[in-house]
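The structure appears right after this line, and notes come after that.
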Protein chains: 4
Amino acid sequence: MSVNKVILVGNVGKDPEVRYLEKNLAVANFTLATTERGYTTQSGIQVPERTEWHNIVAWRGLAELSEKYIRKGSQLYIEGKIQTRSWEKDGIKRYTTEIFADTIQLLGKKPESTEPLSTVAAPPADAIQAPPHAEDDLPF
Amino acid sequence: MSVNKVILVGNVGKDPEVRYLEKNLAVANFTLATTERGYTTQSGIQVPERTEWHNIVAWRGLAELSEKYIRKGSQLYIEGKIQTRSWEKDGIKRYTTEIFADTIQLLGKKPESTEPLSTVAAPPADAIQAPPHAEDDLPF
Amino acid sequence: MSVNKVILVGNVGKDPEVRYLEKNLAVANFTLATTERGYTTQSGIQVPERTEWHNIVAWRGLAELSEKYIRKGSQLYIEGKIQTRSWEKDGIKRYTTEIFADTIQLLGKKPESTEPLSTVAAPPADAIQAPPHAEDDLPF
Amino acid sequence: MSVNKVILVGNVGKDPEVRYLEKNLAVANFTLATTERGYTTQSGIQVPERTEWHNIVAWRGLAELSEKYIRKGSQLYIEGKIQTRSWEKDGIKRYTTEIFADTIQLLGKKPESTEPLSTVAAPPADAIQAPPHAEDDLPF
DNA sequence: TTTT
DNA sequence: TTTT
């Protein structure tokens, strides 16, 4: 009885980092910028442009395709879900919010390859998600 | 050239906290839970249910309506955008990710009031967003 | 390089019609109403409430679950895609636009069954879509 | 208590037609193509690529900006709602489904103008919608 | 902290 | 034809 859906269109901050875990499970991390235009309110206040940086995580097929086709500056459409995880540093609990990608689409220019990336649908939930223990071991 | 959109359906964790800032500017904060069902992978691994808690922020008219109609347990449809802000504690920079609501819909049961909440569209961007300095002063 | 996505929250007009085609392929059809509230413009014009009726089509597992859990009046969240097909009557070509459901969620009241429907994710594209010839034969 | 939302990313079929009605109310019509890639099912059946053509309608500011910046081939992100209207021809009632745009974003190449189009948010509902009688008179 |  |  829940929906947790994110839709982003933005530009990649730098080339994805892709790691291969046990059993060749691929995971890619990169950031995506979305920018809201600035504007002036009716009362004359200037609200400046604002850029939001999203931490994107892509698994398996989407990670492999990120490695091949996504570069710094790429314009992407991403569908995914919000997930916040906690970690400790110096005994202090901290939180990081990430977007787990279900779908990634390269926008703008068409890719050059003969077999172009275009719609990359995630595998079914059962496949895209690492088993719990594997997730615990992720070297984030 | 950007899209930053979140769509959530979930349940409210506790009654909203509503504050009135300068000029009767209302802001509401509450949490919304979205729960993914657990499942068993093909290889027999049990993936447990997982609840994600989202920090929702609603301004002005949406804040006032939150105060009137939203309660712990309410099932809501929310559209909004992701926004991460930083703050310092003990000299350490920390980050909080929030969902700024643009639209809130009460689902399920019909509200009891005579004048029911149903579709609460946010005012235009120019109106819903606090001026930058006001935001800096928010007692989050 | 395309996105065709529909998100609806509304109420079912009447009980779904479910048919079983060859190989027990299930397909469900039902209508979903979304209602925009009326309002008065700044210049004093009354814009009345407006109801839009969407033709929903659900395949396979989603069709079977529609048969079990969806009834006239059910409040649903649906994700899907728009698809228009043409047909002929009296030598005149006509068009019908339908929403092919990828995800259906029952909102509001909890279902009564022991094994409740809640998130019904569609099978992967490869599975949910009838083969072309099968589609040609559908008795719509 | 309803949501009627469409999200499209696709390419414009031909230059928008823009008309100016009474009081300089602008309305633009154009088509947008979304294409699903073909694939082969597990049982070896080839499902061909499929293109869906959407009839887009944009009002007021969005219509004016369509006239200036949108051309045949433009890649767009559109948010809007589904609306079906009926009309008669030869005494036969027919139906047309259209997408009323709330947001249009030009994707890909950045626009050349100094003051670039990028996010074009629709005016509030009260403003974007033609009064009922005006709509009745639309020369569609 | 919700809900199923 | 639903729902508010």
Side-chain angles (χ1 to χ4, degrees), chain A residues 1-4 82 84 86 95, chain B residues 8-17 28-39 48-56 65-66 69-78 99 104-121, chain C residues 8-17 28-39 48-56 65-66 69-78 99 104-121, chain D residues 1-4 82 84 86 95:
Chain A
M1 319 268 277
S2 286
V3 174
N4 174 355
I82 302 175
T84 298
S86 62
Y95 297 88
Chain B
L8 303 173
V9 175
N11 295 282
V12 173
K14 50 185 175 182
D15 290 357
E17 289 178 27
N29 290 268
F30 58 93
T31 54
L32 188 85
T34 56
T35 303
E36 278 185 276
R37 309 190 74 193
Y39 57 91
E49 179 181 286
R50 187 180 192 289
T51 293
E52 180 74 24
W53 286 98
H54 308 270
N55 301 307
I56 310 295
L65 285 150
S66 298
Y69 297 110
I70 294 175
R71 295 289 172 271
K72 174 179 174 174
S74 295
Q75 188 184 34
L76 302 181
Y77 170 94
I78 293 182
I99 308 303
I104 298 180
Q105 302 236 23
L106 267 173
L107 301 175
K109 59 199 176 245
K110 40 184 159 180
E112 296 106 45
S113 118
T114 336
E115 183 79 310
L117 169 69
S118 70
T119 307
V120 184
Chain C
L8 304 173
V9 174
N11 295 281
V12 173
K14 49 185 175 181
D15 291 356
E17 289 178 28
N29 290 268
F30 59 93
T31 54
L32 188 85
T34 56
T35 303
E36 278 185 277
R37 308 190 76 191
Y39 58 92
E49 178 182 286
R50 187 181 193 289
T51 294
E52 180 74 24
W53 287 97
H54 308 271
N55 301 306
I56 311 294
L65 285 151
S66 298
Y69 297 110
I70 295 175
R71 294 290 173 269
K72 175 179 174 173
S74 296
Q75 189 184 34
L76 303 182
Y77 170 94
I78 293 182
I99 308 302
I104 297 180
Q105 301 236 24
L106 267 173
L107 300 175
K109 56 193 179 251
K110 41 183 159 180
E112 297 106 45
S113 117
T114 335
E115 182 78 311
L117 170 70
S118 71
T119 306
V120 184
Chain D
M1 320 267 278
S2 287
V3 175
N4 174 356
I82 302 175
T84 298
S86 62
Y95 296 88

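Values below: every heavy atom of this structure, side chains too, minus hydrogens, waters and symmetry copies. A note on names: the letters A, B, ... follow the listed sequences, proteins ahead of strands, and every chain is numbered from 1.
- At the heavy-atom level, T34(B) lies nowhere under 4.0 Å from the strands shown.
- dT2(E) atom P lies 25 Å from atom OH of Y77(B), rounded to whole Å.
- Side-chain atoms of K14(C) lie closest to dT1(F) of the nucleotides dT3(E), dT1(F), dT1(E).
- Here W53(B) does not lie in a stacked arrangement on the base of dT2(E), lacking the combination of planes under 30° and ring centres under 5.5 Å apart.
- Residues satisfying the side-chain contact (heavy atoms from CB on, under 4.5 Å) criterion with T84(A), sequence neighbours excluded, are Y95(A), T97(A), E52(B).
- Spacing between atom CD1 of I78(C) and atom C1' of dT2(F) amounts to 12 Å, rounded to whole angstrom units.
- Of the candidate nucleotides dT3(F), dT4(E), dT1(F), dT1(F) has the atom nearest to the side chain of T31(C).
- The main-chain N or O of R50(C) is never found under 3.5 Å from a side-chain atom of E36(C) such that the two would form a donor-acceptor pair.
- Spacing between atom CZ of F30(C) and atom P of dT2(F) amounts to 15 Å, rounded to whole angstrom units.
- For the side-chain contact (heavy atoms from CB on, under 4.5 Å) test, residues two or more places apart in sequence or in another chain that qualify with A28(B) are V18(B), A58(B), A63(B), S66(B).
- The shortest non-hydrogen separation linking T35(C) to S2(D) is N-OG, 2.9 Å.
- Taking atom CD of Q75(B) as the reference point, atom P of dT3(E) lies 11 Å away to the nearest angstrom.
- Each of L32(B), I99(B), T31(B) was scored for a side-chain contact (heavy atoms from CB on, under 4.5 Å) with N55(B), with one residue passing: T31(B).
- Rounded to whole Å, atom C1' of dT2(F) lies 8 Å from atom CG of L32(C).
- For L107(B) and dT3(F), the CG to C1' distance is 12 Å, given to the nearest whole Å.
- Rounded to whole Å, atom P of dT2(F) lies 16 Å from atom CD of E52(C).
- Not one side-chain nitrogen or oxygen of K72(B) sits closer than 4.0 Å to the OP1 or OP2 atom of dT1(E).
- For T51(B) against dT2(E), a side-chain-to-base donor-acceptor contact under 3.5 Å is present.
- In this structure, L76(B) places its CG atom 10 Å from C1' of dT2(E), rounding to the nearest Å.
- Nearer to the 5' terminus of DNA chain E, by closest-nucleotide assignment, is the contact made by N55(B) (compared with the other of N55(B) and E49(B)).
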